[in-house]
Student: 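Okay, here's the structure, questions in a sec.
All heavy atoms count here, side chains included; hydrogens, waters and symmetry mates do not. Labels below follow one simple rule: chain letters A, B, ... track the order of the sequence lines, proteins then strands, and each chain is numbered from 1. Values in this document were obtained by computation on a predicted structure and should not be read as measured data.
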Number of protein chains: 2
Amino acid sequence: MKTKITLKDIARELEVSISTVSKALKNSEEISRDTKEKVQAFAKLYNYKPNNIAISLKNKRTKNIGVVIPDIVHHFFTTVIRGIEKYANARGYNVIVCLSEESFDKEVINMEMLANGSIDGFIMSLSSETQQKGDYNHLKEVTEQGIPVVLFDRITNEIDCDKVVIDDELGGYIATKKFIEQGKRKIAMITTGDYLSVSKARTMGYQKALSESSLGVNDDLVLKMPSMEMDENRIKEFLETQKPDAVLCVNEIFAVYSMRLVQKSGLKIPDDISFIGFTDGVLSKYANPSLTVVAQHGEKMGEVSAKMLIDKIESEEEEETYQTKILEPTLVIRESINQ
Amino acid sequence: MKTKITLKDIARELEVSISTVSKALKNSEEISRDTKEKVQAFAKLYNYKPNNIAISLKNKRTKNIGVVIPDIVHHFFTTVIRGIEKYANARGYNVIVCLSEESFDKEVINMEMLANGSIDGFIMSLSSETQQKGDYNHLKEVTEQGIPVVLFDRITNEIDCDKVVIDDELGGYIATKKFIEQGKRKIAMITTGDYLSVSKARTMGYQKALSESSLGVNDDLVLKMPSMEMDENRIKEFLETQKPDAVLCVNEIFAVYSMRLVQKSGLKIPDDISFIGFTDGVLSKYANPSLTVVAQHGEKMGEVSAKMLIDKIESEEEEETYQTKILEPTLVIRESINQ
DNA sequence: TTGTACGCGTTATCAT
DNA sequence: ATGATAACGCGTACAA
């Protein structure tokens, strides 16, 4: 086992001082060509690489960024991570991923763990528990220490930091508008509770489009599911009593699930009833019929978040100005609506 | 902005030495009760937390583990990460995720980046390019440096290290066996090239089950797709010429896609033709009909990998003994086959 | 041209 | 009971 070689090792072998080795490896002008060549050859031979930890300690920069998200088994977050990874790697940063699993406590613990020097900044999306609780002290502490934070998707106004969001209201709006233009008369929505900021915004967009139309808003047509868990009977009962001719679902799962239900009861998609979901994941693409969705552009979101964070990390000035980037959602048309 | 407080800061404020502070915070017997109380109160007040980087430098242990995988937008890998995360976090480790995106070069770069002190060990699954190339020098270098490595799923025999795999051959075997028991006569398989170790093993299991039966192996019934990309026409042509009554697909996508094709041509699933796929992801669950799959138990795999790695990291002895854990796949029965 | 000394934050050993 | 010192690996200002 050939253990990692250090500057000290090289210095000892070559009988020069550590700083000479250090300078030689950086091609410093101060060092003679002879010595440089000797040192560099030796370093290459033994595959010398500087120790990241030592450099981190010295520079007070780790070149790591912490990503804290509620759930990784969720296509949207997964694409965001990929975007972050790509961008961060290109700028020489590593990504430490921590999962809150929708738990406030885990979110706090993970952030504290990382905040003690392990990372130069955070990119995060709040757990649903945190959003329900409305307790953001862990975020406050981190920002007060001068650690940059970028919040994405599930954000809060209580914290001053950079933010990246999809215009979820617009997403709900354009989807509903699409239904209206196609002459649908009973447009329903299946969503979660208002505690999830995104669900709330999407529902508002839905309501806005309806109130601008001659159809008007009818609260009976909105089903608020108490949790992200599927509840077969609630949805079934809702669809059977309300008999909508179009349904906007706050996520893919609700949509695909609802489509199966109505298909079993003999309805034809998209003629008898049309569907639009949120999140352009595998499910939508391979559903039968394939699902029209409001695409969230997660990868783009990840890239933008990473860029904002790293720019802030590397900026000298202590600017206290924060911006919120709003990405526009787009409709990906598939078979679940008329063309 | 209240910047992080250090031992030195506390020592200065309380007019004691740094080492006294350090000991007091560890409740050392050497320190008087008075001093301890004073120091601990002060530390709590200013929310002192030791700097991870300094501790890493001192201990030569980072409490980070590096995970290098080909792709994160893939349900199986995602579940593995979750398993790793859960287990690693519980033992106080953080997870640094790097994506090779199926590229040999990226795999090498990422590993080198992490190997210079950022992590205590690797958990990884090889990129397809690496497996095709058969070049494992980057892994050799890392293991020779004494950094523990656990390979999972996409592994190689060229490297001596701990490994965790699903018994993919068994998976192919039990799925095919199931078809045979149900009286299927023309059992086809849609797979990728042999360069992916898992595909190869699954195909071998398929062949084994057939050769043990009266049906025998017929190479015309095996479609090897040149890449993971979907190629509509290849599959369509294959299904139309061979007209199988059962199809085993090496992944979810192939399966769901094939099901749509046969449904469009009027066949009934599962009576006219049955399907089994690999990987128990969202796609299978919500497909129409829902897809019977050979479940890979990714989360379990992640946990086992993390346990093996951390045990090795924390074991004193320099045991050169490596083990390969083989997890058993199970069949998750859904609507795409007869019950 | 080369080397010395110090600092990053912490801990462990040895002295007082 | 407390403190000084060295060490982890590196970089750099300063000295020789």
Student: Of the nucleotides C:dT1, C:dC8, D:dT12, which has the atom closest to the A:Lys60 side chain?
Tutor: C:dC8
Student: Using a 4.0 Å heavy-atom cut-off, does B:Ser32 contact any base of the nucleic acid, only the sugar-phosphate backbone, or nothing at all?
Tutor: sugar-phosphate
Student: Base, sugar-phosphate, or nothing: which does A:Ser22 touch, judged by heavy atoms less than 4.0 Å apart?
Tutor: base
Student: With nearest nucleotides of DNA chain D determined for B:Glu29 and B:Asn59 from heavy-atom distances, which residue corresponds to the more 5′ nucleotide?
Tutor: B:Glu29
Student: Got a salt bridge between A:Lys8 and A:Glu13, using NZ or NE/NH1/NH2 to carboxylate O under 4.0 Å?
Tutor: no
Student: Should B:Arg82 and A:Asp71 count as an ion pair when the cut-off is N to O under 4.0 Å?
Tutor: yes
Student: Less than 4.0 angstrom from a charged side-chain N to a carboxylate O is my criterion; do A:Lys23 and A:Glu29 meet it?
Tutor: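 Not counted as a salt bridge, because no side-chain N and carboxylate O are separated by less than 4.0 Å.
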Student: Identify whether NZ of Lys or CZ of Arg in A:Lys133 sits under 6.0 Å from the centre of the six-membered ring of A:Phe104 and within 45° of that ring's axis.
Tutor: yes
Student: Nearest to the side chain of B:Lys58 - D:dG3, C:dC8, C:dT11?
Tutor: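 Out of D:dG3, C:dC8, C:dT11, the nucleotide with an atom closest to B:Lys58's side chain is C:dT11.
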Student: Assign B:Ser19 to base, sugar-phosphate, or nothing according to its heavy-atom contacts below 4.0 angstrom with the strands shown.
Tutor: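 Base, at least one base atom sits under 4.0 Å.
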Student: Over all strands shown, is B:Thr35 touching base, sugar-phosphate only, or nothing at heavy-atom distances under 4.0 angstrom?
Tutor: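 Sugar-phosphate, no base atom in range.
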Student: Under 4.0 Å, heavy atoms only, any strand: does A:Lys23 hit a base, just the sugar-phosphate, or nothing?
Tutor: base
Student: Taking the side chain of B:Leu57 as its heavy atoms from C-beta onward, which of C:dG3, C:dG9, D:dT12 lies nearest to it?
Tutor: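 Closest nucleotide to the B:Leu57 side chain: C:dG9.
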